[in-house]
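So you know, we letter chains A, B, ... as the sequences are listed, proteins then strands, and number each from 1. Note that these values count all heavy atoms, side chains included, but never hydrogens, waters or copies made by symmetry.
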Amino acid sequence: MKIATYNVNGINGRLPVLLRWLEESTPDVACLQELKAPDEKFPEQAIKDAGYNAIWHGQKSWNGVAILTRNLDIKETRRGLPGDPDDTHSRYIEAEVNGITIGCLYLPNGNPAPGPKFEYKLRWFERFAEHAAELLASGKPVVLTGDYNAIPTELDAYKAERWVEDALFRPETRVAFKALVDQGWTDAIRKLNPDKVIYTFWDYFRNAYGRDAGLRIDHFLLSPDVNKRLLAAGVDRNVRGWEKTSDHGPVWVELADA
DNA sequence: ATGTCACTGGGGCAGTGA
């Protein structure tokens with residue numbers, strides 16, 4: 001079973017890129033972030049024609065998350081992150097697919113930091129960690145994947161020293177990410193590549209992709225029994241080189257059957 | 001600081017978020 005995550009940066013603007021990637025990569029599950037579209041503008045028919053079922057949680061202009069499946073039923077278990085009824089951002093959707101609970105998240109960017117956006121990021125991170133702990137305690141197989149907007153370590157950023165003041169790499173963000181993983185999750189990409197420089201994002205400025213000046217901010221966290229099933233993990237970095245592409249590349253894991 | 005995208009309102013392009 002192949003599960004992927006992809007920050008599409010505008011699902012309608014990137015639709016040709018998304019459809020091409022789905023056709024070439026054929027993930028069984030695809031978690032999408034940054035739809036940048038309200039619910040009624042989700043390209044439901046094009047996704048269906050590509051062979052995928054979908055659930056989505058959209059929002060006008062910003063954010064927005066979706067889970068797509070190919071030949072698998074989706075049972076939605078949560079829409080929106082619990083813990084703050086005043087939070088209006090569409091940043092979390094969760095479903096049970098093929099016996100696995102899959103959480104698809106778009107963690108706040110948090111820049112500029114310090115400031116209210118960074119405070120929102122840290123609060124969101126806390127709420128997410130609480131929910132993650134509950135999922136872990138349930139004993140069910142769980143995958144939490146998406147754009148975490150968190151650079152875990154110096155290995156995960158080109159010229160990390162330039163990112164120390166940025167919300168993606170500030171100490172508070174790194175501490176929050178490490179505390180989350182330390183609940184008992186496995187960072188799938190890092191587990192299979194302990195020392196390798198692997199990026200999932202290259203910004204649009206200064207030919208970052210051409211220079212491979214990237215960041216690793218899209219992550220797969222696996223619960224212990226999913227971790228035992230982990231066969232492979234990778235980044236479809238070539239997709240970042242396509243025309244009219246997102247600034248993120250798709251990331252995926254391959255799991256053995258239960 | 002720089003730089004480049006997508007989206008919105010409103011009908012060109014500035015403002016916003018990333």
Side-chain angles (χ1 to χ4, degrees), chain A residues 5-21 31-44 46-47 56-66 81 87-92 104-125 128 145-152 156-170 172-174 176-177 199-219 235-251:
Chain A
T5 184
Y6 187 18
N7 179 323
V8 292
N9 189 10
I11 192 166
N12 289 303
R14 309 298 184 196
L15 194 56
V17 168
L18 173 63
L19 295 176
R20 178 182 170 192
W21 168 70
C31 296
L32 307 181
Q33 302 87 35
E34 277 207 84
L35 305 181
K36 292 186 170 180
D39 281 339
E40 63 273 19
K41 288 194 178 171
F42 184 87
E44 184 176 8
I47 297 290
W56 59 94
H57 187 203
Q59 178 183 336
K60 192 165 80 172
S61 304
W62 317 120
N63 311 315
V65 285
L81 188 67
D87 184 3
T88 57
H89 293 201
S90 298
R91 296 182 176 275
Y92 189 74
C104 170
L105 67 136
Y106 176 47
L107 209 132
N109 175 295
N111 279 305
K117 291 188 177 179
F118 191 55
E119 294 304 311
Y120 173 65
K121 175 182 194 154
L122 295 179
R123 286 201 311 275
W124 205 96
F125 220 142
F128 180 65
T145 188
D147 178 358
Y148 282 71
N149 270 313
I151 302 165
D156 301 308
Y158 176 81
K159 294 196 184 288
E161 67 276 10
R162 294 185 184 174
W163 291 91
V164 290
E165 298 294 323
D166 192 280
L168 279 61
F169 194 54
R170 288 180 76 92
E172 300 95 319
T173 305
R174 275 182 271 172
F177 187 80
Y199 299 138
T200 67
F201 165 92
W202 299 260
D203 78 31
Y204 291 121
F205 309 154
R206 301 177 297 269
N207 188 32
Y209 178 67
R211 296 184 297 116
D212 197 23
L215 305 172
R216 190 172 74 94
I217 55 176
D218 302 271
H219 306 298
V235 181
D236 293 333
R237 71 189 309 289
N238 65 305
V239 174
R240 179 63 181 81
W242 294 354
E243 289 293 314
K244 298 281 288 177
T245 199
S246 170
D247 41 5
H248 294 249
V251 186

Calculate the interatomic distance between [X] atom [atom1] and [N] atom [atom2]; express it in whole Å.
X: A:Phe118; N: B:dA18; atom1: CZ; atom2: P; result: 14 Å
X: A:Trp202; N: B:dG3; atom1: CH2; atom2: C1'; result: 19 Å
X: A:Asn109; N: B:dT16; atom1: CG; atom2: P; result: 16 Å
X: A:Arg211; N: B:dT2; atom1: CZ; atom2: C1'; result: 12 Å
X: A:Gln59; N: B:dG17; atom1: CD; atom2: C1'; result: 12 Å
X: A:Tyr106; N: B:dG17; atom1: OH; atom2: P; result: 12 Å
X: A:Asn7; N: B:dG17; atom1: CG; atom2: P; result: 17 Å
X: A:Asp247; N: B:dG3; atom1: CG; atom2: P; result: 18 Å

Polar-atom pairs under 3.5 Å, protein N or O versus N or O of nucleotides 5-8 of chain B: list them with distances, or write none.
| unit_1 | atom_1 | unit_2 | atom_2 | d |
| --- | --- | --- | --- | --- |
| B:dA6 | OP1 | A:Arg14 | NH1 | 3.0 |
| B:dA6 | OP1 | A:Lys244 | NZ | 3.3 |
| B:dC7 | OP1 | A:Gly13 | N | 3.4 |

Which sits closer to the 5' end of DNA chain B, A:Lys117 or A:Phe205, going by the nucleotide each is nearest to?
A:Phe205
Closest nucleotide of DNA chain B for A:His248 versus for A:Asp203: which of these residues is on the 5' side?
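Looking at DNA chain B, the more 5' nearest nucleotide goes with A:Asp203.
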Atom [atom1], compared across [N] and [M]: separation rounded to whole Å:
N: B:dC7; M: B:dT2; atom1: C1'; answer: 23 Å
N: B:dG15; M: B:dG11; atom1: P; answer: 15 Å
N: B:dT4; M: B:dG10; atom1: P; answer: 28 Å
N: B:dG3; M: B:dA18; atom1: C1'; answer: 13 Å

So, A:Tyr204 and A:Asn9: side-chain donor and acceptor under 3.5 Å apart, yes or no?
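The criterion, which ignores hydrogens and geometry beyond distance, is satisfied for A:Asn9 and A:Tyr204.
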Under 3.5 Å, is there a donor-acceptor pair between the A:Asp147 and A:Gln33 side chains?
no
A:Arg237 NZ/CZ over A:Tyr199 ring centroid, <6.0 Å and within 45° of normal
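That pair does not qualify as a cation-pi contact.
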Given the ring of A:Phe201, does A:Arg216 sit roughly above its face, with NZ or CZ under 6.0 Å from the centre of the six-membered ring and within 45° of the axis?
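The answer is no, since A:Arg216 fails at least one limit relative to A:Phe201.
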Within a strict 4.5 Å, meaning less than it, do heavy atoms of the [X] and [Y] side chains meet?
X: A:Tyr120; Y: A:Asp87; result: yes
X: A:Glu44; Y: A:Trp56; result: yes
X: A:Val251; Y: A:Tyr6; result: no

Ignoring hydrogens and angles, does a donor from either the side chain of A:Arg206 or the base of B:dT4 sit under 3.5 Å from an acceptor on the other?
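Such a pair does not exist between side chain and base.
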Checking all strands, does A:Tyr209 fall into the base, sugar-phosphate, or nothing category for heavy-atom contacts under 4.0 angstrom?
nothing
